[in-house]
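A short write-up of the structure that comes next.
Just so we're clear, the structure is a prediction, and the values are computed from it rather than from any experiment.
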Amino acid sequence: MSIRVSLSEALRQAKEEKGYVYEDLIRGTGCSKSSIRYALNRGDNVSLEAFQKLLDYMEVYVKIETESPEGGYE
């Protein structure tokens, strides 16, 4: 799974849990409705800056872990 897809899923879950609507996200982030829509639907063509604005506004923090096919890293 790509990083953008993972971020998108985290944002979509937070939006649902917190009860935000698009207008809340537009006002709170200054992002366009199109950018927000893309960010919530797999993240294609969305800048990392837009993801960060949405994460900050919704007070969502992400943790990135790595692992190898052999089970190493973290």
Side-chain angles (χ1 to χ4, degrees):
M1 181 179 310
S2 79
I3 291 172
R4 289 180 192 282
V5 171
S6 296
L7 289 171
S8 179
E9 289 177 2
L11 288 172
R12 191 170 44 253
Q13 182 179 353
K15 178 184 176 285
E16 291 172 9
E17 287 176 3
K18 296 178 183 239
Y20 287 125
V21 296
Y22 279 100
E23 291 302 316
D24 297 327
L25 300 177
I26 292 166
R27 275 193 307 274
T29 65
C31 294
S32 70
K33 188 172 186 176
S34 295
S35 291
I36 294 169
R37 185 178 298 124
Y38 281 122
L40 294 172
N41 292 289
R42 300 193 47 86
D44 295 333
N45 299 320
V46 178
S47 71
L48 292 178
E49 181 180 348
F51 275 119
Q52 189 65 57
K53 286 179 181 181
L54 287 160
L55 290 166
D56 289 346
Y57 177 72
M58 290 195 273
E59 297 180 327
V60 173
Y61 306 97
V62 295
K63 178 179 176 182
I64 297 174
E65 294 181 357
T66 60
E67 63 182 53
S68 72
E70 296 83 32
Y73 304 113
E74 278 196 46

So the salt bridge (charged side-chain N to carboxylate O under 4.0 Å, His left out) pairs with at least one residue in residues 51-62 (sequence neighbours excluded) are E49-K53

The side-chain contact (heavy atoms from CB on, under 4.5 Å) partners of E16 (sequence neighbours excluded) come to R12

Going by atom type alone, with no hydrogens or angles, which donor-acceptor pairs under 3.5 Å involve a side-chain atom of residues 30-42 and a protein atom two or more places apart or on another chain?
unit_1 : atom_1 : unit_2 : atom_2 : d
S32    : OG     : S35    : N      : 3.1
S32    : OG     : S35    : OG     : 3.1
N41    : ND2    : R37    : O      : 2.8

Query raised in the report: Are the side chains of L7 and L55 in touch, meaning some heavy atoms are under 4.5 Å apart?
Result: yes

For L25 and K15, the nearest pair of non-hydrogen atoms, with its separation, is CD1-CD, 4.1 Å

The complete set of ring-ring contact (aromatic ring centres under 6.0 Å, His included) pairs with one or both residues in residues 10-37, sequence neighbours excluded, reads Y20-Y57

